[in-house]
Each structure stands twice: as structure tokens, then as C-alpha cells.
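Just passing along the structure, written as C-alpha cells.
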Amino acid sequence: MKNRELADIFDKMADILEFKGENPFKISAYRKAARVLKDLTEDIEKLSQQGKLKDLPGVGSGIAKKIEEYLQTSRMSKYDEVKEEVSDELIELLRIPDLGPKTLALLHKETGIKNMAELEEALQSEQVRALPGMGAKKAENILRGIRLIKEGKGRIPLGTALPLVEEVVELMKKKGIVREIFPAGSLRRCRETIGDIDLLATGKDGTKIIEEFTHLPLVTEVLAAGKTKGSVITHGGFQVDLRVVPKVSFGAALQYFTGSKAHNIRLREIAKSRGLKINEYGVFRQEERIGGRREEEVYQILGLPWMPPELREDRGEIEAAMQASLPSLIELADIKGDMHVHSNWSDGSASLEELAEGAKRLGYQYLLITDHSAAIKIAGGLSPEELLRQIEEIRGLNQELEGITLLAGTEVDILPDGSLDYPDELLEKLDVVVAAVHSGFKQDLRTMTKRILGAIENPRVDIIAHPTGRIIGEREPYAVDLSEIFSRAAATGTALEINAYYGRLDLSDTNCREAKRRGVKLVISSDAHQLHQLHWMRLGVAVARRGWLEKGDVLNTLPLKELLNSLKG
DNA sequence: GCCGTTTTCGGCCCGACTGTTTTCAGTCG
């Protein structure tokens with residue numbers, strides 16, 4: 001499928017034309033085509049053969065021609081032409097928050113900067129202050145953006161790493177030469193971002209296993225290939241390591257490579273105090289191996305129960321294990337419905353019917369439809385009239401649907417003054433009200449906190465979505481006094497969301513653990529904008545597990561009736 | 001570059017916020 005390649009080219013074209021100050025509508029036409037191609041499930045080549053390219057929304061004669069040219073010749077002359085005088089490095093700088101095409105073009109023209117290092121240097125010089133529209137604050141903001149990008153670099157979002165690893169595991173299993181193969185490391189612990197991707201396997205022929213591994217189709221570069229360890233770079237530039245370990249050590253190795261480092265140090269200390277030794281090869285008394293085939297043994301020998309990897313951060317799990325008070329963590333199968341989903345009434349791509357069917361396939365009992373409110377025009381926010389129509393449509397659909405109930409809701413904007421974007425009379429007609437901040441991220445701590453408390457104190461608001469607004473590696477949480485949010489949320493019975501979108505995961509693991517401690521009820525929601533994104537729920541559950549949450553802490557583990565009784569509104 | 005019951009030209013979602021200005025440009029969603 002060339003869908004993705006074409007989408008990337010159109011996105012890149014849009015970037016370049018933006019930098020060049022081209023017609024903004026032409027630019028958004030390219031962006032739209034790119035998005036449509038990314039979402040497209042059919043093969044673009046097939047559509048092209050059938051002469052159906054122009055049936056796609058956002059694809060007219062110009063873009064259809066370019067697609068055909070690329071499919072036939074693997075080139076796109078227009079793309080080759082526009083990228084002539086700009087380097088990839090320069091265009092990449094547009095990913096820096098607070099640095100847009102206009103400012104980049106200005107800086108490039110006036111100071112000659114061509115890459116991030118030169119940009120950073122220029123921003124620290126007096127010279128840029130003299131440029132029109134540039135001041136100290138602006139330079140400072142861009143420099144902060146650069147720092148954010150640099151910090152995020154090298155770490156892969158969990159939501160990107162998981163599918164990649166699952167693909168590798170599937171491919172290796174199909175080869176029939178590995179006995180066991182499991183991910184380890186921070187991925188197994190479900191950290192929100194992953195450094196290296198580590199896999200462990202057992203099998204007869206280590207050399208053969210590594211050879212098959214380094215020749216997988218998604219491998220672009222082989223860094224190392226021996227008889228116990230292979231290391232490759234995959235499409236997308238991710239490093240994946242595979243270690244082949246003896247069967248008798250598999251459990252110990254899995255435990256060792258899963259970490260975290262801090263957790264392992266604690267285990268080794270306990271072992272040592274009992275005259276034992278733990279390493280990646282097993283558990284030993286003197287020279288005698290007394291365990292290590294299975295991971296459970298490592299813990300058992302220390303008198304501890306096996307612990308879910310999500311807990312292994314040395315955040316109190318070892319003490320809890322000693323007191324036999326480890327939490328019984330929530331599981332994906334506990335989730336009875338999704339509480340934050342966008343349909344094609346606003347900026348989602350699936351219809352209400354498709355979403356209902358998708359939710360039903362996941363075994364859900366209910367699905368809360370939460371399209372944007374009017375203030376977010378860009379995302380097709382619903383006017384009060386449209387929302388009324390949607391409510392009616394949902395009520396009608398529920399007459400026809402079997403085995404799933406659609407709930408009428410909204411993701412209503414919390415406006416900068418703390419008021420909501422819909423009147424109370426309208427909110428009262430909904431089954432569930434989700435409220436969220438989407439603008440004015442730079443308000444100071446007191447203003448922002450008061451703003452969100454405004455929504456929490458509103459008796460009609462059931463849930464606050466993505467409470468801190470952070471985007472991993474891109475945007476810091478806004479300044480908000482979470483402690484105060486937690487106490488008022490607990491006092492009013494307002495639930496807080498764990499947003500499962502891989503770039504948000506908001507509340508974070510530690511925040512939701514604290515929320516639980518403070519008596520706040522939580523919900524886990526996918527924030528899906530496309531049908532397949534309903535699967536993101538698993539990432540939210542992973543965060544909840546890292547936050548020590550149990551089934552009883554999460555409202556959407558309840559059957560429909562109890563859920564509605566437990567929500568504030 | 002797309003689109004069309006306002007249909008082959010001319011409009012295309014636009015408001016809030018920030019930082020720069022002294023009425024506005026750039027960025028974001």
C-alpha cells in the first residue's frame with residue numbers, strides 16, 4: 001500500500017508551501033488529502049486502477065494526477081520542484097512549538113539559519129531582537145519548544161511501540177523457531193514512552209533465530225547479529241533488540257530485563273540479605289541455581305507474590321507485596337464502555353452507527369458520544385441546534401440498536417472565564433456531560449485552576465476530560481493546581497478522565513494514583529476520532545494499572561444503570 | 001487545490017491568545 005507514502009509526501013508539500021508563504025487554502029487542500037489517505041483503509045493503487053481517485057473527499061483533478069504519477073513512476077514532479085530550494089532539515093524545524101512558517105521564513109531569510117543548532121544560536125543572539133515581530137519572550141518560547149523536542153527525541157510513545165512490537169512477535173512466531181518470545185523493558189511496564197525496545201526469546205538455535213530476526217521485512221538496518229543478541233533499526237527509525245536466552249534462565253532474564261532498575265535493585269538487596277543472589281541467569285544459593293525458569297520463581301523464592309510489570313517502579317510495590325496488600329489491578333476486560341468518542345458530527349470520521357457497531361464488537365455495553373461544542377469551530381463543534389438534533393438521532397438509534405446503548409453527551413468547552421460553552425438547559429438534556437479545556441493554555445495557575453473548578457462546581461458536569469492538557473513531548477501540562485482539582489472533584493463527585501490517546505495519557509500514572517488516594521472517581525476513555533482508535537482504550541488501562549487503580553476506582557467498569565447512578569449529573 | 005441547488009469563479013471553519021505592537025501578525029486548535 002502506497003497510501004502512507006503518498007500521505008507523507010502531501011504533508012511535506014504542505015509544510016514546504018507553508019514555509020514559502022503560498023496560498024493557505026492550497027496548503028490545507030494538501031493536508032486534507034494527506035489525512036484522507038492516512039485514514040483510508042482501501043489500497044490507493046486499487047482505487048486508482050478503478051478510476052475512483054476523485055471519489056475520495058479532498059481529491060480533485062490536480063491531486064488525482066499527482067497520485068497517478070507517483071503510482072506509475074515513484075516520483076511526483078511537483079514535489080521535486082517545490083522541495084528544490086529548501087532542505088528537509090529546515091522544514092523539520094516547523095515541528096518546534098511556537099515556531100510557525102512565518103517566523104521560520106523570517107529567521108531563515110535574515111540570519112541564514114538552516115538547522116536546529118543554528119536556530120538555537122541565532123535565538124540567543126542580540127541580532128534577532130532587531131527583527132520585526134521578534135522580542136525576548138518570543139525567542140524564549142521558541143527555545144523552550146526546542147528543549148521539549150530534544151527531550152522527547154529518542155523515546156517512542158507507547159502507542160507507537162506496542163503495535164510495532166506485536167508485529168515483530170507475530171512474525172517471529174510464524175517462523176516457528178522460537179519457543180517463547182516476550183517484550184521486556186519499559187514497554188512491558190507500559191511506560192508512556194519507551195527508550196529501547198527489548199525482546200526476549202528462547203529456542204534451540206540462537207544463531208538461526210537472530211538471523212531470521214535481522215531479515216524481517218520491517219528491518220532497515222542491522223546493527224548487530226550474533227548468536228544471542230540481534231539489534232536492528234526498523235521502519236520509522238526504531239531500535240529493537242532481541243536476546244536469545246537459555247530456557248532455564250528465561251524467567252530470570254525476563255524479570256531482569258523488564259526492570260525497572262530501581263525495582264531490581266530492591267529485589268537483589270532482599271536476596272542478598274537472605275544469602276541468595278539474583279541475576280539475569282537465575283536465582284542462586286552459593287553456586288546452586290534454585291530458580292529462574294519462570295518469572296514467578298524469582299519472586300516466590302524471596303517470599304513475594306509475582307507483581308504485574310506496571311507496578312515495578314519501586315513506588316511502594318515491594319512493601320505492599322510484603323504486606324500482601326498489592327492492588328488487584330483493573331484489566332481491559334473490566335471496561336464496559338467508552339466515555340469519550342467523536343463522531344462525524346464534529347471532527348471524527350465514523351458515523352454514530354459505525355461507532356455503535358465498533359463498540360459492540362469490543363464487548364461494550366454502552367458508548368458515550370462526545371462531539372465538540374460550538375467554540376471549537378475548527379473541529380466542527382456542534383451548535384446548540386445541532387446538538388439537539390444529535391440527541392434526537394441518538395434516541396432514535398437506540399430504538400434500533402441491540403446489545404449496545406449510545407449515550408448522548410458532549411465534550412463541552414470550558415471557556416477561559418470558567419463558564420461552559422453550552423447553556424445549562426441544553427446540558428440537562430444530555431445523559432452525560434464531559435467538559436474540557438482547549439484554549440488559553442498559558443493562563444496562570446490561579447486563573448486556570450479557577451477556570452476548571454468552575455466546571456467541576458457545575459452540577460451538570462460529570463467528567464473533566466484530559467485534566468492537565470499535556471501532550472507528551474510537545475506541550476507541557478498547563479499550570480493548574482491538581483491538588484485543589486482533586487479535592488473539589490472528590491467533594492462534588494465529578495469524575496476525572498484518563499485519556500487513552502497515546503500522546504495524552506492524561507491523567508498520567510502518578511496523577512491518577514494520587515487522584516485515587518484523594519477519593520476521586522476516574523473514567524478511562526479513548527478520545528477516538530476514528531473507529532480503530534477505540535482500541536486506544538488499552539493504553540488508558542495501562543496508565544490506570546501503573547496508577548495502581550482497581551476495577552472499583554473506574555466508573556466505566558460499571559454496568560449502564562450503576563454507571564448513570566454513580567455519575568454526578 | 002477543492003468544490004458546486006449561490007455551480008466553472010470565487011470562497012474556502014475562525015476565534016482566542018500571546019507577544020508584539022499602537023492596531024496587528026503569528027500560532028494554535
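Naming: A, B, ... by sequence-line order, numbering from 1 per chain. Side-chain atoms are counted along with the backbone in the values below, which use heavy atoms only and exclude waters and symmetry mates.
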Quiz prompt | Euclidean distance for C1', B:dC3 against B:dT8 (whole angstrom) | solution = 10 Å

Quiz item: If you measure from the P atom in B:dG15 to the same atom in B:dT6, how many Å do you get, rounded?
Solution: 23 Å

Exercise. Using heavy atoms to find the nearest nucleotide of DNA chain B for A:Gly62 and A:Asp417 separately, return the residue whose nucleotide is more 5′.
Key: A:Gly62

Exercise. Describe the nucleic acid contact of A:Lys26 in one word from base, sugar-phosphate, nothing, applying a heavy-atom distance below 4.0 Å.
Key: base

Practice problem: Establish, from distance only, whether the side-chain atoms of A:Asp80 and A:Ser77 form a donor-acceptor pair under 3.5 Å. | Solution: no

Quiz prompt | Sugar-phosphate, base or nothing in reach of A:Asn141, heavy atoms under 4.0 Å | solution = sugar-phosphate

Self-check item: Nearest-neighbour nucleotide for the A:Ala29 side chain, B:dG29, B:dG19, B:dC2 considered
Solution: B:dC2

Quiz item: A:Asp481 and A:Thr449: side-chain donor and acceptor closer than 3.5 Å?
Solution: no

Practice problem: Output, in order, the C-alpha distance, side-chain angles, deciding distance and verdict of salt bridge (Lys or Arg N to Asp or Glu O under 4.0 Å) for A:Asp553 and A:Lys516. | Solution: CA-CA 7 Å; A:Asp553 302 315; A:Lys516 171 187 179 166; 3.0 Å; yes

Quiz prompt | With A:Arg451 via side-chain contact (heavy atoms from CB on, under 4.5 Å) - residues at least two apart | solution = A:Ile414, A:Pro416, A:Val437, A:Ser439, A:Gln443, A:Met448

Practice problem: Would you mind reading off the distance between A:Leu94 atom CG and B:dG26 atom C1', rounded to a whole angstrom? | Solution: 13 Å

Practice problem: Round to the nearest Å and state the distance from A:Glu22 atom CD to B:dC2 atom P. | Solution: 14 Å

Quiz prompt | Among B:dG29, B:dG26, B:dG1, the nucleotide that comes nearest once only the side chain of A:Lys138 is considered | solution = B:dG26

Quiz item: If we take the C1' atom in both B:dT18 and B:dC12, what is their distance in whole Å?
Solution: 26 Å

Quiz item: For residues A:Asp527 and A:Asn499, is any side-chain donor paired with an opposing acceptor at under 3.5 Å?
Solution: yes

Quiz item: A:His529 NE2 to B:dG29 C1': how many Å, rounded?
Solution: 11 Å

Quiz item: Is the shortest side-chain N/O distance from A:Ser61 to OP1 or OP2 of B:dG1 below 4.0 Å?
Solution: no

Exercise. Choose from B:dG29, B:dC17, B:dC28 the nucleotide whose nearest atom is closest to any side-chain atom of A:Arg475.
Key: B:dG29

Quiz item: For B:dG1, does OP1 or OP2 lie under 4.0 Å from any side-chain N or O of A:Lys66?
Solution: yes

Self-check item: Span that lies between the C1' atom of B:dG29 and that of B:dC13, in whole angstrom
Solution: 12 Å

Quiz item: Would A:His466 and A:Glu497 count as having a side-chain donor-acceptor pair, cut-off 3.5 Å?
Solution: no

Self-check item: From B:dC17, B:dG1, B:dT27, nucleotide with atom closest to A:Pro416 side chain
Solution: B:dC17

Quiz prompt | Shortest non-hydrogen contact from A:Ser343 toward A:Asp371 | solution = OG-OD2, 2.6 Å

Quiz prompt | Gap in Å between the two P atoms, one belonging to B:dT22 and one to B:dG4, rounded | solution = 44 Å

Quiz item: Rounding to a whole Å, what distance do you find between A:Lys54:NZ and B:dG1:P?
Solution: 13 Å

Practice problem: Before giving the answer on side chain to side chain contact (heavy atoms under 4.5 Å, CB included), spell out for A:Arg518 and A:Ser487 the whole-Å C-alpha distance, their side-chain angles and the decisive distance to 0.1 Å. | Solution: CA-CA 7 Å; A:Arg518 302 281 295 273; A:Ser487 24; 3.4 Å; yes

Exercise. Could you check whether A:Ile376 gets within reach of a base, just the sugar-phosphate, or nothing at all, counting any heavy atom under 4.0 Å?
Key: nothing

Quiz prompt | Rounded C1' spacing from B:dT21 to B:dG26 in Å | solution = 13 Å

Quiz item: Got a sec? Which of residues 122-136 of chain A come in under 4.0 Å of DNA chain B, heavy atoms?
Solution: A:Gly133, A:Met134, A:Gly135, A:Ala136

Quiz item: At under 4.0 Å between heavy atoms, what does A:Pro97 touch on the DNA or RNA strands: base, sugar-phosphate, or nothing?
Solution: sugar-phosphate

Exercise. Please state the C1' separation for the pair B:dC17 and B:dT23 - nearest whole angstrom.
Key: 16 Å

Quiz item: Expressed as a whole number of Å, how far does the P atom of B:dT20 sit from that of B:dC9?
Solution: 45 Å

Self-check item: Distance-only donor-acceptor check, side chains A:His342 and A:Gln533, under 3.5 Å
Solution: no

Quiz item: What's the CG-C1' distance between A:Asp98 and B:dT20, to the nearest Å?
Solution: 14 Å

Practice problem: Give one of base, sugar-phosphate or nothing for A:Ile27, where a contact means two heavy atoms less than 4.0 Å apart. | Solution: nothing

Quiz prompt | Whole-Å gap separating P (B:dG19) and CZ (A:Phe441) | solution = 15 Å

Quiz item: When the distance from NZ of A:Lys102 to P of B:dT20 is rounded to whole Å, what number comes out?
Solution: 18 Å

Quiz item: Pick the nucleotide of DNA chain B nearest each of A:Lys442 and A:Thr103; which residue has the one closer to the 5' end?
Solution: A:Lys442

Quiz item: When the distance from CD of A:Glu18 to P of B:dT27 is rounded to whole Å, what number comes out?
Solution: 8 Å

Quiz item: Whom does B:dA25 pair with, Watson-Crick or G-U wobble, provided both distances fall under 3.5 Å?
Solution: B:dT18

